[in-house]
Amino acid sequence: MRLLVTIPHVFNPDGGGGYASLSPDPQPRILALTLSLQSLQAVFGSSQLYFRYSDRILEFAANQKEPIQLDIVICTSRGLHILDRLPISPQYYQHYPTQCEPMLLGFECHGILKSCLGQYDYYCYMEDDLILSDPLFLQKIAWFNSFVGDAWLLQPNRFELQTGRGKDKPRISKNYIDPEIRFHTGERDNFAHYFKDNLTVQGVVMGREIIIKRAENPHSGCFFLNQRQMAYWAGKDYFLDRDSRFFGPLESAASLGIARTFRLYKPAPENANFLEIQHFGESWSNKIYNTIFR
């Protein structure tokens with residue numbers, strides 16, 4: 001299997017905005033991107049070893065039953081990045097520098113994906129603070145599409161691990177951070193079908209009943225398209241139009257284009273962890289709790 005992952009990455013200490021990429025402190029961004037790259041290499045990379053001392057064999061390749069060719073492209077703008085401060089060798093990714101408006105970097109990633117059509121089995125987009133740890137992630141997406149077809153897209157639930165302090169001891173909670181909303185993209189689009197058809201899908205995976213529902217909030221900060229889906233989206237007249245109506249350009253690059261093209265689904269809350277991806281830090285958990293309990 002051949003897998004292409006594109007990552008938009010910005011760090012601007014003078015940005016002064018509400019995004020973590022515009023904070024004056026580089027350390028959280030360094031740690032977030034480091035963990036993101038490490039997780040991708042751990043799950044999909046070729047350097048996976050199994051140790052067996054009894055046969056005096058120190059190491060041999062592991063997880064090569066279905067080997068994956070992983071290529072990671074990190075897209076940056078105007079030198080606003082921390083790639084030179086990562087504790088990771090540049091051999092594990094390709095750097096694609098641009099001069100575009102930094103907030104539009106996600107659309108540059110779309111262009112890279114289109115330019116590589118025909119070369120990969122999966123075309124992926126991930127924000128630079130997401131951590132993927134599920135080795136069956138792509139198999140679950142493929143399972144979903146094998147039943148419903150390529151017009152439907154299964155998106156992961158994003159979560160954060162939040163550490164708080166209770167009365168007697170520390171408490172760790174796992175919070176799914178993308179609350180349900182009534183998604184719409186504006187009057188000029190016809191999304192009358194969005195909440196009116198095929199709202200729930202049920203199946204059995206390894207003996208476990210799985211419920212998947214239409215995503216009221218399409219945002220996951222990422223997407224994973226097979227080759228047919230990527231070619232279909234890239235052929236649309238609105239591909240790369242840089243439409244930023246979904247909250248802003250960062251959110252729109254991750255979610256708006258695919259929402260205009262596919263029927264988006266996510267695992268239901270009853271089994272939210274069937275397909276999930278971790279968001280670095282606790283920022284959204286804190287925002288949600290402060291909104292509810294302020």
Side-chain angles (χ1 to χ4, degrees), residues 1-9 29-75 82-96 109 112-113 116 118-146 154-161 174 205-208 210 220-227 229-230 267 271-281:
M1 180 186 295
R2 298 160 300 169
L3 172 64
L4 174 62
V5 179
T6 58
I7 300 175
H9 166 64
R29 308 316 304 154
I30 293 172
L31 181 56
L33 184 53
T34 297
L35 291 174
S36 181
L37 293 172
Q38 287 177 336
S39 67
L40 286 171
Q41 292 294 337
V43 174
F44 301 123
S46 60
S47 182
Q48 303 194 30
L49 306 176
Y50 192 95
F51 290 83
R52 186 171 63 196
Y53 294 101
S54 60
D55 297 330
R56 295 187 177 181
I57 299 175
L58 291 182
E59 60 184 48
F60 56 93
N63 299 319
Q64 296 303 303
K65 182 70 173 178
E66 297 180 355
I68 295 177
Q69 173 193 324
L70 170 65
D71 290 327
I72 301 173
V73 178
I74 301 179
C75 190
I82 45 84
L83 297 185
D84 56 339
R85 304 187 225 180
L86 294 180
I88 293 178
S89 170
Q91 71 180 15
Y92 291 110
Y93 60 86
Q94 301 173 45
H95 181 198
Y96 186 86
C109 289
I112 294 171
L113 294 174
C116 294
Q119 301 177 38
Y120 295 90
D121 298 296
Y122 275 91
Y123 296 78
C124 312
Y125 174 97
M126 286 177 52
E127 294 178 350
D128 65 354
D129 55 3
L130 295 180
I131 303 167
L132 192 158
S133 304
D134 183 357
L136 297 179
F137 192 92
L138 294 178
Q139 285 86 341
K140 292 174 181 178
I141 293 175
W143 165 83
F144 179 77
N145 287 121
S146 71
L154 182 61
Q155 289 285 87
N157 288 307
R158 287 196 309 169
F159 73 90
E160 290 180 348
L161 293 179
K174 182 179 185 180
V205 180
M206 300 178 67
R208 176 187 177 192
I210 299 298
S220 296
C222 59
F223 56 75
F224 299 79
L225 306 176
N226 64 39
Q227 185 171 192
Q229 290 172 320
M230 186 66 224
N271 44 234
N273 64 355
F274 175 71
L275 193 74
E276 64 181 12
I277 194 165
Q278 183 178 356
H279 182 255
F280 174 81

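- Atom OH of Y96 has 12 or fewer neighbouring heavy atoms from other residues, nucleotides or ligands inside a 6.0 Å radius.
- Of all non-hydrogen atoms in S220 and P156, the two that sit nearest each other are OG-O, 2.6 Å.
- Considering every non-hydrogen atom in both P87 and I30, the closest pair reads CD-CG2, 4.3 Å.
- The minimum heavy-atom distance linking Q229 with N226 is given by the pair N-OD1, 2.8 Å.
- Residues L132 and F44 meet the side-chain proximity criterion, which asks for heavy atoms closer than 4.5 Å.
- Residue pairs satisfying the salt bridge (charged side-chain N to carboxylate O under 4.0 Å, His left out) criterion with at least one member in residues 132-141, sequence neighbours excluded, are listed as follows: D134-K140.
- Partners of H279 by side-chain hydrogen bond (donor to acceptor under 3.5 Å, both in side chains), not counting sequence neighbours, listed by chain and number: D129, E160.
- Among pairs with a residue in residues 33-48, those fulfilling side chain to side chain donor-acceptor pair (under 3.5 Å) read Q48-N63, at least two apart in sequence or across chains.
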*Derivation and outcome, side-chain contact (heavy atoms from CB on, under 4.5 Å), residues I277 and M126*: CA-CA 10 Å; I277 194 165; M126 286 177 52; 4.1 Å; yes

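- Between R29 and D128, at least one side-chain nitrogen of the basic residue sits less than 4.0 Å from a carboxylate oxygen of the acidic one, meeting the salt-bridge criterion.
- The aromatic rings of F274 and W143 sit perpendicular, their planes meeting at an angle over 60°, well past the 30° parallel limit.
- Contact between C124 and F224 at its shortest, heavy atoms only, is SG-CD2, 3.2 Å.
- Of all the heavy atoms in Q119 and Q227, the pair that sits closest is N-OE1, 4.4 Å.
- Counting only heavy atoms from C-beta outward, the side chains of L3 and Q69 never approach each other to under 4.5 Å.
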How far apart are the C-alpha atoms of Q94 and I74, what are their side-chain angles, what is the distance that settles it, and do they pass the side-chain contact (heavy atoms from CB on, under 4.5 Å) test?
CA-CA 6 Å; Q94 301 173 45; I74 301 179; over 6 Å; no

Run the side chain to side chain donor-acceptor pair (under 3.5 Å) check on D71 and Y120 step by step: do they pass? CA-CA 10 Å; D71 290 327; Y120 295 90; 2.5 Å; yes

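- Checking each of L70, L113, I72 against L4 for a side-chain contact (heavy atoms from CB on, under 4.5 Å) leaves exactly one that passes, namely L113.
- A pairwise comparison of heavy atoms in Y93 and L37 identifies CD2-CD1, 4.1 Å as the closest pair.
- Inter-residue side-chain proximity for L275 and N157 is flagged as unmet; no heavy-atom pair is nearer than 4.5 Å.
- The shortest distance between side-chain heavy atoms of E127 and R158 falls below 4.5 Å.
- When side chains are defined from C-beta on, E276 counts as touching K174, because their heavy atoms get closer than 4.5 Å.
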